[in-house]
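Here, residue 1 is the first one in the sequence, and each next residue gets the next number. Remember, predicted model here, so these are calculated numbers, not experimental data.
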Amino acid sequence: MKHISKVIFATVLLATVAWSTVDLSARDRSEAPFYQGSDVRLTWGWLQLDYPQFFYSGPADFSWQYSDNIAEYLYDTRYYGGNGYLTGAVGVTYSYRFRKWFELSAVAVYSGYHRSFYDKFTGDFAYRQNLCSVSIMPYVRFNWLYREWVRLYSGIGVGLSFVVDDDRTGCEPGVAPAAAVTPFGIAVGRNFYGLAELSLGTTGMFIVGVGYRF
């Protein structure tokens, strides 16, 4: 809850600064000059909807899922899992501005779950479970407010997630759908800027990051 409160506070703060700037800009009715160009973003998202987050966010021991008989079950229960952790959704985005209101992007997102397992009798490290997801998708961004210091936008993207499940039984690859819908996003700054988004999908629910326009 503390993390959620911090993210919400940061989003509200950015929105307050944005609307203050919009109000100042509205006094002289001057819009920011537009030029076509590129945009690179580095983001981190929390509470993303993907394979690692959905299946392995809890502290439970999942060794039972490999057991087909009693002997194998007894062997599996020899190990216990430590605390697992999620990396969150670490994203890189390249965009090109075609119009003041329209940008086309390519988004790459990494998400992982990592957990160590130990021998119950000796306490020694036994193996490590790694769940990794790399999502790639085209993304369309619509700027519905475009000012020199502030931009407000929405967006949507659809693509694929390439998943790898690696543990003591082996490495198992897979493919899953990826998508992101962003009802609200805000970018504050000129060429170098900070951003915050409320979204739903592979990129996370609460997203913060930095970007550079050139």
With side-chain hydrogen bond (donor to acceptor under 3.5 Å, both in side chains) as the test, would you mind laying out the steps for E103 and Y139 before giving the verdict? CA-CA 8 Å; E103 300 177 22; Y139 183 92; over 6 Å; no

Point-to-point distance, once rounded to the nearest 0.5 Å, from [atom1] of [X] to [atom2] of [Y]:
X: Y153; Y: T182; atom1: OH; atom2: OG1; result: 7.0 Å
X: Y193; Y: W149; atom1: OH; atom2: CH2; result: 14.0 Å
X: I186; Y: E197; atom1: CD1; atom2: CD; result: 11.0 Å
X: S199; Y: L47; atom1: OG; atom2: CG; result: 11.5 Å
X: L195; Y: R41; atom1: CG; atom2: CZ; result: 5.0 Å
X: Y118; Y: Y127; atom1: OH; atom2: OH; result: 11.5 Å

Flag if over 12 foreign heavy atoms under 6.0 Å of CZ, R99: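 No - once you tally the heavy atoms of other residues, nucleotides and ligands closer than 6.0 Å, there are 12 at most.
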
Around atom CD of E172, are there more than 12 heavy atoms from other residues, nucleotides or ligands closer than 6.0 Å?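 Atom CD in E172 is not crowded, with 12 or fewer foreign heavy atoms closer than 6.0 Å.
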
Tell me, with the steps shown, if D50 and S135 meet side chain to side chain contact (heavy atoms under 4.5 Å, CB included). CA-CA 9 Å; D50 62 7; S135 303; 5.6 Å; no

What do the steps show when you test H114 against N130 for side chain to side chain contact (heavy atoms under 4.5 Å, CB included), and what is the final call? CA-CA 5 Å; H114 307 282; N130 299 294; 2.7 Å; yes

Could you see if [X] belongs to whatever hydrophobic cluster contains [Y]? Use Ile, Leu, Val, Met, Phe, Trp, Tyr and a side-chain cutoff under 4.5 Å.
X: F98; Y: F34; result: no
X: Y94; Y: V210; result: yes
X: V107; Y: L160; result: no
X: Y212; Y: L104; result: yes
X: F184; Y: L145; result: yes

Run through I156, V158, T203 and flag the one making a side chain to side chain contact (heavy atoms under 4.5 Å, CB included) with M137.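 Testing each of I156, V158, T203 against M137, the sole residue satisfying side chain to side chain contact (heavy atoms under 4.5 Å, CB included) is T203.
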
Show your reasoning for whether side chain to side chain contact (heavy atoms under 4.5 Å, CB included) applies to Q129 and F117. CA-CA 8 Å; Q129 183 180 43; F117 284 79; 3.8 Å; yes

Within a strict 4.5 Å, meaning less than it, do heavy atoms of the [X] and [Y] side chains meet?
X: R141; Y: S105; value: yes
X: V175; Y: F162; value: yes
X: W46; Y: M205; value: no
X: V109; Y: V90; value: no

To check you understand the geometry: which heavy-atom pair defines the closest contact between V140 and F102, and what is its length?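 Result for this residue pair: CG1-CE1, 3.4 Å.
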
Tell me whether [X] contacts the main-chain N or O of [Y] through its side chain, where contact means a donor paired with an acceptor under 3.5 Å.
X: S111; Y: S133; answer: no
X: T202; Y: A179; answer: yes
X: R151; Y: G189; answer: yes
X: S116; Y: R128; answer: no
X: S154; Y: P183; answer: yes
X: D119; Y: T122; answer: yes

Test side-chain hydrogen bond (donor to acceptor under 3.5 Å, both in side chains) on R213 and S38; report intermediate values, then the result. CA-CA 6 Å; R213 290 152 46 93; S38 299; over 6 Å; no

Kindly indicate, with the supporting measurements, whether the criterion side chain to side chain contact (heavy atoms under 4.5 Å, CB included) is fulfilled by V163 and L131. CA-CA 7 Å; V163 181; L131 256 177; 4.3 Å; yes

Can D165 and Y113 be said to form a side-chain hydrogen bond (donor to acceptor under 3.5 Å, both in side chains), step by step? CA-CA 10 Å; D165 190 345; Y113 176 86; over 6 Å; no

